[in-house]
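Notes to accompany the following structure.
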Amino acid sequence: MLLRIAITAQTAALLLQAVTAGLLLASPGGRTAHSATALAVVATVLLHLVAALVSRRRGAILPAVGMLVMTLTQVALGMAHVKSLHVPLGVLMFGVSTVRLAQVWSVSRTQAASA
């Protein structure tokens, strides 16, 4: 259950991060919002990692570690203003998180049906 909550929060934070990226392009105050949601992404990715470690399922831990690596890379690229890599990596992160979200929710339903 904690893993489902963590990945749902992570995916929502990544979506919000994309919205604030648009604000960053459209308004001068967008940088503050984008920076604030970056902290939310880091927090939810760490929550995802903790939830995966608590679950002790190898299939959950490796994707969580991968997401943490992508997040740290994303933060570094953003701070360095390397938009040519920062933007595509953000899109990739949202896609990966969405796929993991679908997997976690479908596995949970399958396990509940078999119980």
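Hydrophobic clustering (ILVMFWY, side-chain heavy atoms < 4.5 Å, transitive): V69 and L47 are in distinct clusters. V82 and L72 fall within a single hydrophobic cluster, where Ile, Leu, Val, Met, Phe, Trp and Tyr side chains are chained together by heavy-atom contacts under 4.5 Å. Taking hydrophobic clusters as Ile, Leu, Val, Met, Phe, Trp and Tyr residues chained together by side-chain heavy-atom distances below 4.5 Å, I7 does not share a cluster with L92. Hydrophobic clustering (side-chain heavy atoms under 4.5 Å, transitive across Ile, Leu, Val, Met, Phe, Trp, Tyr) keeps L16 apart from L14. There is a path of hydrophobic side-chain contacts, each under 4.5 Å, that joins V96 to V41.
Taking CG from L89 and NZ from K83, the interatomic distance works out to 15.5 Å, rounded to the nearest 0.5 Å. Atom CZ of R100 sits about 12.0 Å away from atom OG1 of T98, to the nearest 0.5 Å. From L25, atom CG reaches atom CZ of R31 across 10.0 Å, with rounding to the nearest 0.5 Å. Atoms CG and NE2, from L2 and H48 in turn, are 10.0 Å apart once rounded to the nearest 0.5 Å.
Residues L85 and Q74 form no side-chain contact, since every pair of their non-hydrogen atoms from C-beta on lies 4.5 Å or further apart. Side chains of L62 and R58 form a contact here, defined as non-hydrogen atoms less than 4.5 Å apart.
Evaluation of the side chain to side chain donor-acceptor pair (under 3.5 Å) rule for T8 yields W105 as partners, not counting sequence neighbours. Legend: residues meeting side chain to side chain donor-acceptor pair (under 3.5 Å) with H34, ordered by chain and number and at least two apart, are Q17, T20. With sequence neighbours excluded, the residues that form a side chain to side chain donor-acceptor pair (under 3.5 Å) with S97 are Q10, T11.
What you find for A52 and I61 is that their closest heavy atoms are O-CG1, 3.4 Å. What you find for A60 and L3 is that their closest heavy atoms are CB-CD2, 3.8 Å. The minimum heavy-atom distance linking A51 with A6 is given by the pair CB-CB, 4.0 Å. M93 and T71 make their closest contact through CE-OG1, 3.2 Å (heavy atoms, listed as atom of the first residue, atom of the second, distance).
Using modelled atom types, no side-chain atom of H86 and backbone atom of L77 make a donor-acceptor pair closer than 3.5 Å.
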